[in-house]
Amino acid sequence: MNDLTTPTGFNALSPAQQESHRAKIGVRAKAILGQFWQDADTHEAEKVIEVEGWMDVLENCSHSEIRYAWRDYQIDPNNRTARGRLAKPDAGALRAIILSKRPRPKLVRQPLPPEPVKERCDPKTAQEICEAAGFTPKRFGGEA
């Protein structure tokens, strides 16, 4: 289950499913942002770019997570202007709400294999290895 090589979430979807998922996020983003695009100054190209940004930021979120995050954003009094109007959200605000509600990942520890028992060599063999390597500090095993 915790195999890092197994695609999950958005990455587990087929390309067609990913496109459909992103399109649905785009529709939801347009619906959310529509109330903030009332002025005639927002050009259509700017709207498209803004919706694409929402799709990029929220593509790893489920549609229900996005819906509930939007609900929570609207309810939070900190997201209101001094006049009581809802402040325009960005996708990062909804993503932060979503991530705060997701359960923390649990670290799954795999038991390490036991270390192999290394056979110690006798002092004479150790001395020979050191001499072959060009290192001869003193004799092992008390020999002088």
What closest approach, in Å, do Ile25 and Cys61 show between heavy atoms, and which atom pair accounts for it? CD1-O, 4.5 Å

Return each pair, listed once, that meets ring pair (Phe, Tyr, Trp, His ring centres under 6.0 Å) where at least one residue sits in residues 68-95; pairs must be two or more places apart or across chains. Trp70-Tyr73

With a 3.5 Å cut-off and sequence neighbours excluded, list the donor-acceptor pairs that the side chains of residues 108-119 form with protein atoms.
none

With sequence neighbours excluded, what pairs up with Arg83 under the salt bridge (charged side-chain N to carboxylate O under 4.0 Å, His left out) test? none

Hydrophobic cluster identity match, Val27 and Phe10, side-chain contacts under 4.5 Å: no

Got more than 12 heavy atoms from elsewhere within 6.0 Å of CZ, Arg80? yes

Can you tell me how far CG of Asn79 sits from CD1 of Ile97, rounded to the nearest 0.5 angstrom? 6.5 Å

All side-chain contact (heavy atoms from CB on, under 4.5 Å) counterparts of Arg95, not counting sequence neighbours: Val57, Leu58, Leu99

List for me each residue that meets side-chain contact (heavy atoms from CB on, under 4.5 Å) alongside Glu19, sequence neighbours excluded, and say none if there are none. none

side-chain contact (heavy atoms from CB on, under 4.5 Å) against Lys88, all qualifying residues, sequence neighbours excluded: Leu33, Phe36, Trp37, Glu50

Same apolar cluster: Val48 and Trp54, side chain cutoff 4.5 Å: no

Sorted by chain and number, sequence neighbours left out, salt bridge (charged side-chain N to carboxylate O under 4.0 Å, His left out) with Glu128 holds for none

For residues 54-68, which residue pairs pass the salt bridge (Lys or Arg N to Asp or Glu O under 4.0 Å) check, not counting sequence neighbours? Arg22-Asp56, Arg22-Glu59, Glu65-Arg102

Using the test side-chain hydrogen bond (donor to acceptor under 3.5 Å, both in side chains), find all partners of Asp90 that sit at least two apart in sequence or belong to another chain. none

Applying salt bridge (charged side-chain N to carboxylate O under 4.0 Å, His left out) to Lys24 and not counting sequence neighbours gives none

Residues passing the salt bridge (charged side-chain N to carboxylate O under 4.0 Å, His left out) test with Asp76, sequence neighbours excluded, are none

Pairing residues for Thr125 by the side-chain contact (heavy atoms from CB on, under 4.5 Å) criterion, not counting sequence neighbours: Cys121, Asp122, Ile129

What is the distance from atom CD of Gln18 to atom CE of Met55, rounded to the nearest 0.5 Å? 11.5 Å

